[in-house]
Amino acid sequence: MKTIIECCVTATAPRVCAPLPYTKYPCNNNMLATCSASSSTTRRPFSLSLISTTLSAIVFSLPPPPSSSFPPPSSKFPLSQFFEIPDSGGVKALDLLDGSGQVPSDGDQVAIHYYARLAAKQGWRFDSTYDHKDDNGDPNPFVFVLGSGKAIAGIDVAVRSMKVGGIRRVIIPPSLGYQNTSQEPIPPNFFDRQRLFTTIFNPTRLANGEGSTLGTVIFDIELVSVRHL
């Protein structure tokens, strides 16, 4: 069985939580569930099966809180191994898989797959392109023009220095995250959208100085393709 661990950040301390779900074998609602897939399964989100044998976990430097029932991972990557993307305004990145394709430029149309999580809400996963299916049941990537302003600025920053085929985990600060409810990517599910935006733009908690936690988002991004327009 191959298990790929997803990491999250809580309002007070990071913790290890649920494994990234396989596309055809999703996790149940228990956040501490373990996913498995038969050997006949060929589609895996982000091509993460390629790195599952070498990365047992991607975690931050602080240990899981006492309330977490998930056992400590056998291998840890501390926050110090994340690097700040130059001139990004504070976006931190960890390359999980180096790509070998072309690097996009502003004005290029790019397609990405992603998992998106909040730093708040115990790392709640609010969206994934693998939940967006076409008529054939295949996942639809998120397509946008780099530098157009369609996507939140932190995604532009992260993708701009990636190569096609690469996989990168990025921690996006509020200043480069969602500034309003029209920025993409937006969860297609109404209730997920409501929960996302009522968390990020909660006026009471913002007034209490919690904005840096509420608005921080974490994306696992795979750059699928680049097309010059």
Side-chain angles (χ1 to χ4, degrees), residues 5-21 27 29-32 57-70 72-73 76-96 114-129 131 142 149 151-159 168-187 189-221:
I5 305 301
E6 175 184 16
C7 91
C8 305
V9 181
T10 67
T12 55
R15 73 179 182 90
V16 176
C17 68
L20 292 173
C27 294
N29 292 328
N30 182 353
M31 285 199 68
L32 300 179
I58 305 295
V59 299
F60 296 100
S61 54
L62 295 178
S67 59
S68 173
S69 59
F70 197 88
K76 296 183 179 181
F77 289 78
L79 184 58
S80 61
Q81 291 195 13
F82 283 72
F83 65 93
E84 185 168 323
I85 298 175
D87 303 317
S88 68
V91 176
K92 292 182 172 58
L94 177 64
D95 287 319
L96 306 180
Y114 63 78
Y115 281 104
R117 303 183 298 282
L118 276 177
K121 299 286 185 182
Q122 296 183 323
W124 169 58
R125 193 195 79 170
F126 61 84
D127 195 17
S128 168
T129 52
D131 295 333
F142 174 54
I152 59 174
I155 289 182
D156 269 0
V157 167
V159 171
R168 173 175 284 183
R169 173 164 294 173
V170 291
I171 306 170
I172 301 174
S175 60
L176 297 172
Y178 291 95
Q179 304 301 306
N180 56 65
T181 58
S182 63
Q183 288 182 294
E184 297 187 32
I186 298 175
N189 180 280
F190 171 80
F191 296 104
D192 288 341
R193 289 198 303 273
Q194 289 294 98
R195 185 181 181 189
L196 172 66
F197 293 132
T198 55
T199 299
I200 292 177
F201 303 119
N202 185 305
T204 302
R205 297 185 66 181
L206 289 173
N208 290 336
E210 299 180 59
S212 61
T213 299
L214 299 177
T216 299
V217 289
I218 304 166
F219 276 79
D220 287 354
I221 299 171

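Here the structure is a predicted model, which means the values were calculated and not measured.
In terms of heavy atoms, Val157 sits closest to Ser88 at CG1-CB, 3.3 Å. Across all non-hydrogen atoms, the minimal contact from Thr216 to Pro174 is OG1-CD, 3.5 Å. The nearest pair of heavy atoms linking Gly89 to Ser175 is O-OG, 4.3 Å.
Looking only at side-chain heavy atoms (C-beta outward), Ile85 and Lys92 stay at 4.5 Å or farther from each other. Counting heavy atoms from C-beta outward, Arg169 and Arg117 have side chains that approach closer than 4.5 Å. For the pair Ile221 and Val170, the minimum side-chain heavy-atom distance is below 4.5 Å. Phe126 is not listed as a side-chain neighbour of Thr199, based on a closest heavy-atom distance of 4.5 Å or more. Ile152 has its side chain within reach of Ile172: a pair of non-hydrogen atoms, C-beta onward, lies under 4.5 Å apart. Using a 4.5 Å heavy-atom cutoff, the side chains of Asp192 and Phe190 are not in contact.
Annotation: the span from Gln194 atom CD to Asn189 atom CG amounts to 10.0 Å, rounded to 0.5 Å. Atom CG of Leu196 and atom CG of Leu118 lie 5.5 Å apart (nearest 0.5 Å). The CG atom of Leu214 sits 9.0 Å away from the NZ atom of Lys121 when rounded to the nearest 0.5 Å. Note that CZ of Arg195 is 5.0 Å distant from CH2 of Trp124, once rounded to the nearest 0.5 Å. Here the CG-CD distance, from Leu94 to Gln81, works out to 7.0 Å after rounding to the nearest 0.5 Å.
Listed by chain and number, the residues in a salt bridge (Lys or Arg N to Asp or Glu O under 4.0 Å) with Asp95 are Arg168 (sequence neighbours excluded). The salt bridge (Lys or Arg N to Asp or Glu O under 4.0 Å) search around Asp156 returns none, not counting sequence neighbours.
In this structure a side-chain-to-backbone donor-acceptor pair under 3.5 Å is missing from Thr213 to Ala120. Asn180 places a side-chain N or O within 3.5 Å of a backbone atom of Ser182 that can act as its donor or acceptor partner. Checking side-chain atoms of Gln179 against main-chain N and O of Ala153 turns up no donor-acceptor pair under 3.5 Å. Side-chain atoms of Tyr178 come within 3.5 Å of backbone N or O of Pro185 as a donor-acceptor pair.
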Test log, rule side chain to side chain contact (heavy atoms under 4.5 Å, CB included), inputs Thr198 and Asn202: CA-CA 5 Å; Thr198 55; Asn202 185 305; over 6 Å; no
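The aromatic rings of Phe201 and Phe197 sit parallel to each other, their planes meeting at less than 30°, with 60° as the upper class boundary.
Using a cut-off of 4.0 Å between Lys/Arg side-chain N and Asp/Glu carboxylate O, Arg125 and Asp220 are scored as not salt-bridged.
Between the side chains of Asp127 and Tyr115, not a single donor N or O lies within less than 3.5 Å of an accepting N or O.
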